[in-house]
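Structure record follows, encoded as structure tokens.
What you see below is based on every heavy atom in this structure, not just the backbone, and it leaves out hydrogens, waters and symmetry mates.
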Amino acid sequence: MPFTATYTGANQGGIASPLARTRFYLSINPSFDAADLPLQVHEMSALDAGTSQVFTATVSIAADTAGGAYYLLA
């Protein structure tokens, strides 16, 4: 089941950043751990020092995923 995730990428450093990747995971709790299921990887564009940008990514969860409450971690 695909959906759109919107998130903000930020460069809090003092120099421009190159392209970066955001990895999305499906989790049963709000903390990242080895049990989390990897989903998509989204590439962010380069960011100047001290700037941020809103990104959108299409994320898909397998149709056979058990029902319940989950967290989307990035």
Side-chain angles (χ1 to χ4, degrees):
M1 170 175 64
F3 62 94
T4 300
T6 302
Y7 66 99
T8 301
N11 178 354
Q12 297 175 341
I15 60 173
S17 69
L19 295 175
R21 291 181 180 90
T22 300
R23 299 178 188 278
F24 290 95
Y25 296 86
L26 191 64
S27 180
I28 60 171
N29 59 54
S31 299
F32 178 74
D33 59 44
D36 296 336
L37 177 67
L39 299 173
Q40 273 75 33
V41 176
H42 183 254
E43 289 194 0
M44 300 185 327
S45 59
L47 292 173
D48 289 333
T51 65
S52 63
Q53 183 176 341
V54 175
F55 296 93
T56 57
T58 300
V59 179
S60 295
I61 298 174
D64 62 353
T65 301
Y70 292 93
Y71 293 86
L72 179 65
L73 306 180

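- Here the CG-CG distance, from Leu73 to Asp33, works out to 8.5 Å after rounding to the nearest 0.5 Å.
- The hydrophobic cluster containing Val54 does not contain Val59, counting ILVMFWY residues as joined when their side-chain heavy atoms lie under 4.5 angstrom apart, directly or transitively.
- Counting heavy atoms from C-beta outward, Asp48 and Asn11 have side chains that stay 4.5 Å or more apart.
- In this structure, CG in Leu72 is found 11.0 Å from OH in Tyr7, a value given to the nearest 0.5 Å.
- With a 6.0 Å radius and a threshold of 12 heavy atoms from other residues, nucleotides or ligands, Ile28 has its CD1 atom at or below the threshold.
- The backbone N or O of Tyr25 sits nowhere less than 3.5 Å from a side-chain atom of Asp36 that would complete a donor-acceptor pair.
- Looking only at side-chain heavy atoms (C-beta outward), Thr22 and Phe55 stay at 4.5 Å or farther from each other.
- Among residues at least two apart or in separate chains, side-chain hydrogen bond (donor to acceptor under 3.5 Å, both in side chains) pairs with a member in residues 52-74 are Ser45-Gln53.
- Atom CD1 of Ile15 and atom CG of Leu47 lie 12.5 Å apart (nearest 0.5 Å).
- Residue Met44 is grouped with residue Phe24 when hydrophobic side chains (ILVMFWY) are merged at heavy-atom distances under 4.5 angstrom, including chains of intermediate members.
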